[in-house]
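I have placed the structure first, in the form of structure tokens, so that the comments after it can refer back to it.
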Amino acid sequence: MCGIFAVVNDKTNHAAQTVLAGLKKLEYRGYDSWGIAIKPTSLTPGVQKLQVEKHIGKIGEAKTNLPEGTIAIGHTRWATHGGVTDENAHPHLDCSGKLAVIHNGIVENYLEFKEELIKKDHQFSSETDTEVIAHLIEEKVKHQNLVSAVFKTFNDLVGSNAIGVIDFESEIIIAARNGSPLVIGVDEINHQYFLGSDVPAFLKYTNKVHFLDDGEAVVITKTGIKLFDLKTGKEKKLNWQTLDWKLEDAEKAGFPHFLLKEIHEQKETITKAALINEKEILEMAKLIRQGYKTVFIGCGTASYCALAGKYFFANAGITSENYGAYEYLPFLKFTNNKTLLITISQSGETADTLIASKAAKKRGAIIVAVVNARGSTLERMADIVLPVGAGPEIAVVSTKAFTAQLATLYLLTTAITNKYDEGKNKINKLADVLKDWLNPVLINQLIDTAKSLMKEEHIYVIGKHLNYPATLEFALKIKETSYLHAEAFAAGELKHGVITLIQKNTPCFVLASNDETKNEILSSTAELKARGGRIIGVAPFESPEFDELIKTPDLGDLTIFGNIIVGQLLGYYLGIGRGADPDKPRNLAKSVTVK
Ligand code: F6R
């Protein structure tokens with residue numbers, strides 16, 4: 001929802017610039033405003049305060065005029081409490097201006113605190129829930145040391161939260177986590193210490209990280225980092241790990257946008273997904289063969305992956321269920337210790353997915369996390385983890401994580417029917433075929449198609465069976481990236497009402513595969529064509545029903561990968577043409593950590 005970043009011992013003495021650069025890497029987490037607080041190296045006589053700069057708007061081209069310093073915190077915001085204004089942007093100061101707070105999450109009980117604090121003459125300058133945290137610490141620090149004042153304040157907050165606090169006097173940063181992600185990094189050569197909501201923020205300096213758990217806090221001073229248990233206040237051992245992520249993973253690598261880079265990366269990431277997790281997949285296959293009931297859950301794109309998982313299973317003769325994680329609770333009563341809950345998530349931090357998973361875990365279900373980001377809450381609560389290895393996904397809309405998850409579920413299906421090696425070969429072949437297929441001729445065709453759709457208001461997408469989840473994902477990519485209304489239907493649904501929407505030249509995409517659904521989908525296509533629809537086939541075959549064809553590789557049950565990638569690319573080019581920012585669509589955030 002929001003991005004947190006901080007540095008201690010900045011070796012350039014330009015901590016504000018370092019924080020700004022880190023925040024730019026986190027912009028996908030929130031992009032309506034940003035801000036930085038720094039303790040300047042040279043203090044203006046008579047000014048014993050942190051210096052703060054805050055602005056509304058995107059951070060992309062932003063510059064900061066803050067003075068030199070080696071310690072600073074910063075934040076990129078996705079508004080929850082309080083409108084998008086400079087005042088509401090973080091960091092928020094206490095009355096003395098010596099303490100500043102950045103925050104990701106929602107303080108559900110902030111109003112009761114605010115009333116009390118106002119009675120005690122605290123001056124508020126924003127409408128946010130975050131500002132109360134600064135004043136609560138200020139109040140508590142009158143009676144105890146700063147570290148325990150921060151811990152106590154944080155423990156009193158209700159909701160899912162992560163905070164970072166900078167103190168002018170002691171020059172330390174304290175951070176605490178309960179439900180919202182935080183990670184620290186250490187650059188051992190230069191003794192620089194970093195705090196972030198996510199690793200890409202400081203990947204330029206280090207890949208040696210410790211992911212904070214809920215209930216943990218860190219105190220970062222010039223001489224090092226200490227980890228604490230928030231409830232007991234006792235020091236804990238840091239669990240450092242070195243990630244295999246490289247700096248290039250968080251750069252655009254010559255592409256104009258992360259989204260385009262990540263779409264093209266699928267040529268490699270899909271194969272990578274097939275190289276990992278073999279042991280875990282075979283273990284799960286065994287459980288499913290033993291009679292465990294499989295339930296797939298996820299939100300948004302991940303929920304379409306969950307639905308595709310159900311179709312993969314059905315095609316292999318295995319029963320399963322699927323739910324949007326936000327709709328799972330009514331069905332929780334059917335969950336028990338014979339349930340395998342396969343939770344799909346790019347970030348592993350989506351609140352709805354976590355709530356459903358925690359509830360299922362309480363009922364004894366085995367939780368399987370099919371995740372991309374590492375060190376997430378979901379990963380840590382899961383009994384079995386299938387990391388999909390797509391690397392940092394920076395664009396807000398999900399592409400490469402989705403196809404890596406899809407490949408993982410496909411492999412799981414083949415493992416259950418003892419065809420794992422065959423499945424692996426098919427995934428590898430898919431990646432090879434994609435390399436040839438994603439060529440300039442295809443891209444030019446998609447750009448032309450996007451141009452022809454630029455002024456449309458509605459487009460429709462139909463598909464059958466496995467192509468049904470593919471249509472949902474195809475339409476979502478177009479909606480998110482270009483703000484064009486795209487609606488997906490199961491082909492069979494058309495004649496039950498939807499067909500009223502089709503008029504002369506209404507653009508209709510038909511997603512198809514060369515399989516047993518071909519004739520039926522072509523019959524539905526004929527119904528659209530008879531109403532004057534402009535029919536654009538996305539399929540590995542030609543048909544007189546199609547006015548245009550975007551040809552995709554013919555790969556049996558893996559044909560949907562190409563069909564979906566067409567939607568990703570069309571969304572991207574439509575977004576560019578319609579003036580949207582493909583990496584940061586309006587109103588969206590990369591990790592939806594609130595209910
Ligand atoms: C769509 C998209 C969202 C996410 C959804 C779940 O492009 O990115 O629909 O798929 O918010 O997020 P994760 O996968 O992080 O749980």
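Atoms within each ligand, like the ligands themselves, are counted from 1 in listed order. Since the model is a prediction, treat every value here as computed from it, not as a measurement.
- The atoms of ligand 1 that sit less than 4.0 Å from any heavy atom of K477 are 1 (C), 7 (O).
- An N or O contact shorter than 3.5 Å links S345 to ligand 1 by distance.
- Below 30°, between 30° and 60°, or above 60°: for H210 and W240 the angle between ring planes is above 60°, a perpendicular geometry.
- Near S347, meaning under 4.0 Å from any of its heavy atoms, are these atoms of ligand 1: 13 (P), 15 (O), 16 (O).
- Atoms of ligand 1 found under 4.0 Å from any heavy atom of E480 (numbered from 1 in listed order, with element): 1 (C), 2 (C), 7 (O).
- Salt-bridge check for E268 with K400: failed, with every basic side-chain N at 4.0 Å or more from each acidic carboxylate O.
- For residues 391-410, the set of pairs meeting the ring pair (Phe, Tyr, Trp, His ring centres under 6.0 Å) definition, not counting sequence neighbours, comprises F312-Y410.
- Each of the atoms 8 (O) of ligand 1 lies under 4.0 Å from some heavy atom of V396.
- Counting the atoms of ligand 1 from 1 in the order shown, those under 4.0 Å from a heavy atom of G300 are 9 (O).
- Annotation: cation-pi pair R586/Y483 present, NZ/CZ under 6.0 Å from the ring centroid and within 45° of its normal.
- Atom 16 (O) of ligand 1 has its nearest heavy-atom neighbour, among T399, I297, T350, in T350.
- Summarising the local packing, NZ of K435 is surrounded by more than 12 heavy atoms from other residues, nucleotides or ligands at distances under 6.0 Å.
- Residue-ligand proximity, Q346 to ligand 1, at heavy-atom distances under 4.0 Å covers atoms 13 (P), 14 (O), 15 (O), 16 (O).
- Close approach of ligand 1 to A302 is summarised as follows: ligand atoms under 4.0 Å from at least one heavy atom of the residue are 10 (O), 14 (O).
- Sorted by first and then second residue, the side-chain hydrogen bond (donor to acceptor under 3.5 Å, both in side chains) pairs involving residues 366-392 (not counting sequence neighbours) are R177-T377, D213-R380, Q346-N372, E349-T377, K361-D383, R374-E379.
- Of the charged side-chain nitrogens involved, at least one lies within less than 4.0 Å of a carboxylate oxygen, so that D557 and K426 count as a salt-bridged pair.
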